[in-house]
There are 2 protein chains.
Amino acid sequence: MPNSIQMTDDLFDQLRLELRRGCLVMAVLGQLRAEHYGYTLRLALTDLGLAIDEGTLYPLLRRLESQGLLVSEWREEAKRDKRFYRISAEGKRMLGLLCVEWENINKSLNKILQKG
Amino acid sequence: MPNSIQMTDDLFDQLRLELRRGCLVMAVLGQLRAEHYGYTLRLALTDLGLAIDEGTLYPLLRRLESQGLLVSEWREEAKRDKRFYRISAEGKRMLGLLCVEWENINKSLNKILQKG
DNA sequence: GGCACACACTGTGTGGGACACAGTAATATG
DNA sequence: CATATTACTGTGTCCCACACAGTGTGTGCC
């Protein structure tokens, strides 16, 4: 039988990712109320305790832009071309809706968990 | 061009589901500190504001059991065979870890969102 | 001036899992 | 005896995060 603690830890990593998945969208939208490009956005999120892989963040940004929640612009800064993102009006509306939903989920979870 | 509000709403549904996805595991584990079978568990979660489709809940229960976080037992009650689930020791440990992670995510999100 | 390292983004493959939809079957209810 | 409720199972599809692997450009150091 494999090591039980190790199994738990692998499983925990997986569930933790699952838990963070949906929150990343909110975090990115919230952070992009101020303009950022991918790299600094990633650093900022890491700083805030929401580390995210490059291979996850960049596709996420493109996806959110294709969904109309972000707008972007190629621009040179410090002798480098960078893609600057910021939230769109649609994105702001969506972020508001998601915040409400987030609070509801929190209330539900607290109700469930405090009983134990 | 399709109706913009409708698009936002469809998109919101999708993002809302994404947001709830990871939380469902916590809700189910938390709720199953008391024994339930699928149907009443689903009713209880719906009552708490975390409605979940049958086709999502039942596979989730089987998955969590296969991961060792739940234990189950076929038993007759009210002239029906039902599969009763409850949390395992491993599941309790995992739930504790997830709660900590959940709090951390909440802190991070609050930091991001309050700034606006 | 060449070498390592940080910066900034792109591309592909894979696998997990929610959901829609459909089915099975037994027990109330009228 | 027909319909609704209870209770669970099965299949197919689609999305998306992640791992991994590139591509190319500054900057600092010796």
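Values below: all heavy atoms of this structure, side chains included; hydrogens, waters and symmetry mates excluded. Computed from a predicted model, the values in this text were never measured in an experiment. Just so we're on the same page: letters track the sequence lines, and every chain starts at 1.
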(message) Please determine whether a side-chain nitrogen or oxygen atom of Lys82(B) lies at a distance below 4.0 Å from atom OP1 or OP2 of dA7(D).
(response) yes
(message) Whole angstroms only, please: what is the CH2-P distance between Trp74(A) and dA8(C)?
(response) 11 Å
(request) Determine whether more than 12 heavy atoms belonging to other residues, nucleotides or ligands lie under 6.0 Å from atom CZ of Arg86(A). (result) no
(request) Just compare dG26(D), dG17(C), dC9(C) and give me whichever is closest to any side-chain atom of Gln67(B). (result) dG17(C)
(request) Could you tell me whether Lys82(A) and Glu73(A) have a side-chain N and a carboxylate O separated by less than 4.0 Å? (result) no
(request) Report yes if a side-chain nitrogen or oxygen of Tyr37(B) is closer than 4.0 Å to either non-bridging phosphate oxygen (OP1 or OP2) of dA7(D); otherwise report no. (result) yes
(message) Tell me if the side-chain of Glu54(A) makes a donor-acceptor pair with the base of dC9(C), cut-off 3.5 Å, by modelled atom types.
(response) yes
(request) Could you check how far CG of Leu43(A) sits from P of dC7(C), rounded to whole Å? (result) 7 Å
(message) Salt bridge check, Glu76(B) against Arg83(B): does any charged N sit closer than 4.0 Å to a carboxylate O?
(response) no
(request) For Leu24(B), report the nucleic acid contact type (base, sugar-phosphate, nothing); a contact means any heavy atom under 4.0 Å. (result) nothing
(message) In this structure, how many angstroms lie between the P atom of dA18(C) and the CG atom of Leu45(B), rounded?
(response) 13 Å
(request) Using atom CD of Glu76(A) as one end and atom C1' of dG26(D) as the other, report the distance to the nearest whole Å. (result) 12 Å
(request) Indicate the ring-plane relationship of Trp102(A) and Trp102(B), choosing parallel, tilted or perpendicular according to the 30° and 60° boundaries. (result) tilted
(message) Test of understanding: clusters of I, L, V, M, F, W, Y form through side-chain heavy atoms closer than 4.5 Å, transitively. Do Leu95(A) and Leu17(B) belong to the same one?
(response) no
(request) Please report, rounded to the nearest Å, how far the P atom of dG17(C) is from the CG atom of Leu19(A). (result) 14 Å
(request) Report yes if a donor N or O on one partner sits less than 3.5 Å from an acceptor N or O on the other, where the partners are the side chain of Arg80(A) and the base of dA8(C); otherwise report no. (result) no
(request) Calculate the interatomic distance between Leu17(B) atom CG and dA20(C) atom C1'; express it in whole Å. (result) 12 Å
(request) Identify whether the distance between the nearest side-chain nitrogen and carboxylate oxygen of Glu18(A) and Arg63(B) falls below 4.0 Å. (result) yes
(request) Quick one: label Gly55(A) by what it contacts on the DNA or RNA (base, sugar-phosphate, nothing), any heavy atom closer than 4.0 Å. (result) base
(request) Indicate, with a heavy-atom threshold strictly under 4.0 Å, whether Arg21(A) touches base, sugar-phosphate, or nothing. (result) sugar-phosphate
(request) Just call it for Gln14(A): base, sugar-phosphate, or nothing, with non-hydrogen atoms closer than 4.0 Å on any strand. (result) sugar-phosphate
(message) Nearest heavy atom decides the nucleotide; on that basis, is Asp81(B) or Val25(A) closer to the 5' end of DNA chain D?
(response) Asp81(B)
(request) Give a yes/no on whether any side-chain N or O of Tyr58(B) is located under 4.0 angstrom from OP1 or OP2 of dT9(D). (result) no
(request) Examine dG17(C): is either OP1 or OP2 under 4.0 Å from a nitrogen or oxygen in the side chain of Arg63(B)? Give yes or no. (result) yes
(request) To the nearest Å, give me how far apart CG (Leu64(B)) and P (dA18(C)) are. (result) 9 Å
(request) Taking only the side-chain heavy atoms of Thr56(B) (C-beta and beyond), determine which of dA7(D), dC9(C), dA18(C) contains the nearest atom. (result) dA18(C)
(message) Need one value for Arg62(A): base, sugar-phosphate or nothing, where a base atom within 4.0 Å counts as base even if backbone is also close, heavy atoms only.
(response) sugar-phosphate
(request) May I have the distance from Leu11(B) (atom CG) to dC16(D) (atom C1'), rounded to whole angstrom? (result) 14 Å
